[in-house]
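Working notes for the structure below.
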2 protein chains.
Amino acid sequence: MKPISPPGRATLKDIARTVGVDVSTVSKVLNDGGISVRPQTRQAIIDEASRVNYRPHALARNLRTQRTGALGILLPDLTNPIYAETVHGAMRQAERSGYVMLIAEVADERTSAAAYMRLVSERRIDGLIIAVSAETSEMIAAIENNPVPHVFVNRRSSIGRSVTVDDQASGRLAAQTLIEAGHRRLGFIGALPELDTSRRRRHGFVEVCQAAGLPAVVEIAGPVSRRGGYDALHRLLDEAQRPTGVFAFNMLVGIGALAAARVRGVRVPDDLSVVTLDGEDAIFTAPPLTAIITPLAEMGARAVVELEAMIQGREPQDVVINIPPKLVYRESVAPPPR
Amino acid sequence: MKPISPPGRATLKDIARTVGVDVSTVSKVLNDGGISVRPQTRQAIIDEASRVNYRPHALARNLRTQRTGALGILLPDLTNPIYAETVHGAMRQAERSGYVMLIAEVADERTSAAAYMRLVSERRIDGLIIAVSAETSEMIAAIENNPVPHVFVNRRSSIGRSVTVDDQASGRLAAQTLIEAGHRRLGFIGALPELDTSRRRRHGFVEVCQAAGLPAVVEIAGPVSRRGGYDALHRLLDEAQRPTGVFAFNMLVGIGALAAARVRGVRVPDDLSVVTLDGEDAIFTAPPLTAIITPLAEMGARAVVELEAMIQGREPQDVVINIPPKLVYRESVAPPPR
DNA sequence: AATGATCGCTCAAACGATTGCTTGAACAAA
DNA sequence: TTTGTTCAAGCAATCGTTTGAGCGATCATT
């Protein structure tokens, strides 16, 4: 026997009809709308709603309330674990609050404005997390002409507020770790073009080195990729005063550095110590990389919390997540060769 | 000077008013609705639409047309690269067709029915990709009571059609690779509980071994995790007729096996050869794992294509992606010890 | 000149909810 | 009995589209 009305597809009207009241009454009861309803009417409505397994039609509700219950996130590439984890954290928080997340991959920065418009103007998302470098003029124009609550994550921008971590502290921690292991000549492999996060990590790193009275840090930068790390380490190893301990901007760069060391016959950690960042997964490198863990999921979640507040009308504000960077000791750091 | 009407928020009514026609005319012009309109009227409408940067309000349109232009995907965990890549492929294809993807992470299988209902009954997605094991009775009931075009990806199910690859061919390829390297005693580490994909890979693997007249393959299974692979390899190494070459169900299992070999003092590949699967990222294991590449992104994309066809009314059908499995030679396979 | 066809557009009803404004009845106070 | 309140619920507009039906005006046909 087929159910008369397919469960889950019932509308307010259906419920109203069988209970014998107006749809507005049903709506008010089901939404706890401040209205007085006789207990028996209320109960009848609730019973009928659960009998037919009523689910509000999100489209209709959203059209009326002018809110979609959807948040967007703009990111370069979901297969990059850094972004996957950020999204992961954002989605957990979004789900708690009843939001869904619309993900837009923006492989090419030049299309980010178009992606923005699609999410904001057409899909009418309630808020947006931006995890791409967004400072193109089209993007700025898009945001200004079609403002929507938005927050940057793990990067700063002149056109909005950010959720970040204390990158400088990460840099300091990396330097301390290497210095404590006994290293006296340190190197830093950063991002080129220099990202805000890279600059802050570098500052923290250099600060500690100088405070410890160490000779100048060798600073090298390359594209944020394995290739970039690979090439950068080669150049580092060509330095006259070759460092014995290096801090790589992130995991990709660190992995590339490891590969370069291998082809040069430089043993890690015997000849060279390496500290990297973002490396939850770096445990499977050879050797496993000692890494500073960035709370990416927390950043994603916090970004959603910020968006919710902004949607409620609170002023945007910068957030620095106050989780001290955590170092995971693995096998890529040892005392320097003597 | 502020723009009079915030660009991008203009409605059909706005355009209709300034051009001096009815909204229905505007709608028909902008949608190429089969209607005859004077060229100058048409042009005026188009001009005005682009002047105010008109974007259709997706909610309103969808409410009316009863289609949301959204597809869903149910998966266990986005931070698992296997799923991230599948989603990646699906999103690329979805974007081409103007769909957005709603991702639902279902950490606990028991909540998958609830996630289904939220996407299908409330958000009213047009189609769903299922990448979780979905055979719980609640899930079956949810699908039956609220049917929506759906397709499983990389797994088979009694309650729908699938997009898969030729897993048996992967198993055959793994066996051939080890046999060609000179191995005569082979092992297989599968999934427990046995997944459909695991079974097929095992069949292909065993088939080739038997055809080559090799002694019985040692078959071991464990949970699909690094721990599972770790424990399984330990048990394999305890066998009287210890294999010299093993095929691990997937990358996680392979990585666990590598770890077990290391603690046992079994050198890879000198003492033991390992072939794994899904291992785009396995290049950074120690040693880098020789792996069979699964076209996950293609599977995701193809799933979307299937959904589109089903939404158009075509009958669901099983799809086996006909890309022959590809082996990437790295450093975990060598001739057996003598 | 009457008829019919075509053109170019308008009308109005949806889609499924939300929400401010009425309203009829019951009841209390005067 | 009249008046004023409160209760319980209904009415109707609205969100921004889409879409079939309708309808004057023009033009061709007989």
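Only this structure's heavy atoms are used, side chains among them; waters, hydrogens and symmetry mates stay out. Quantities reported herein were computed from a predicted structural model and do not represent experimental measurements. We name chains A, B, ... by the order of the sequence lines, and we start the count at 1 in each one.
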Identify the heavy atoms of N146(B) and M117(B) that sit nearest to each other, and give their distance.
OD1-CE, 3.8 Å
For dT18(D), does OP1 or OP2 lie under 4.0 Å from any side-chain N or O of N31(B)?
yes
Counting just side-chain N and O atoms, does Y54(A) come under 4.0 Å of either OP1 or OP2 of dG16(C)?
no
Contact check, side chains of V153(A) and I130(A), non-hydrogen atoms, under 4.5 Å
no
A side-chain contact here means heavy atoms from C-beta on lying under 4.5 Å apart; do T68(B) and R123(B) qualify?
no
Protein-nucleotide distance (R9(B), atom CZ; dC15(D), atom P), rounded to Å
15 Å
Kindly indicate whether the side chain of R38(A) and the base of dA8(D) share any N or O donor-acceptor pair separated by less than 3.5 Å?
no
Can you check the D14(A) CG to dG16(C) C1' distance for me, whole Å?
10 Å
Residue pair N31(A) / R61(A), side-chain heavy-atom distance below 4.5 Å:
yes
Would you mind reading off the distance between I45(A) atom CD1 and dT18(C) atom P, rounded to a whole angstrom?
13 Å
Among the nucleotides dC11(C), dT19(D), dG16(C), whichever has the atom closest to the side chain of D22(B) is dC11(C)
Nearest-Å distance, CG (L12(B)) to C1' (dT10(C))?
15 Å
Counting distance only, does the side-chain N/O of N53(A) pair as donor-acceptor with the main-chain N or O of S50(A) below 3.5 Å?
no
Along DNA chain D (nearest heavy atom to each residue), the more 5'-positioned of H57(B) and T25(B):
H57(B)
Base dT10(C) to side chain K28(B), donor-acceptor N/O within 3.5 Å cut-off
yes
Any idea which of dT19(D), dT10(C), dA9(D) is nearest the V21(B) side chain?
dT10(C)
Tell me whether the side-chain N/O atoms of S36(B) come closer than 4.0 Å to OP1 or OP2 in dT6(C).
no
Could you tell me whether the side chain of R64(A) has a donor or acceptor atom within less than 3.5 Å of a complementary atom in the base of dT18(C)?
yes
Just the rounded figure in Å: distance from C1' of dG16(D) to CZ of R123(A).
15 Å
How close or far is atom P of dA14(C) from atom CG of L63(B), stated in whole angstroms?
14 Å
Atom CG of L59(A) and atom P of dT18(D): how far apart are they, to the nearest Å?
14 Å
Between K13(A) and V23(A), just flag the one whose closest nucleotide in DNA chain C comes earlier from the 5' side.
K13(A)
On a plain distance test, is the side chain of S24(A) in donor-acceptor contact with the base of dC11(D) below 3.5 Å?
yes
Measuring only between side-chain heavy atoms, which start at C-beta, is L59(B) closer than 4.5 Å to Q66(A)?
no
Residue whose nearest DNA chain C nucleotide is more 5′ - Q66(B) or P39(B)
P39(B)
Taking donor-acceptor contacts at under 3.5 Å, does the side chain of R61(B) reach the base of dT17(D)?
no
Distance test, side-chain N/O of Q40(A) to OP1/OP2 of dA8(D), below 4.0 Å
no
Nearest whole angstrom, please: distance from the P of dA17(C) to the CG of N62(A).
11 Å
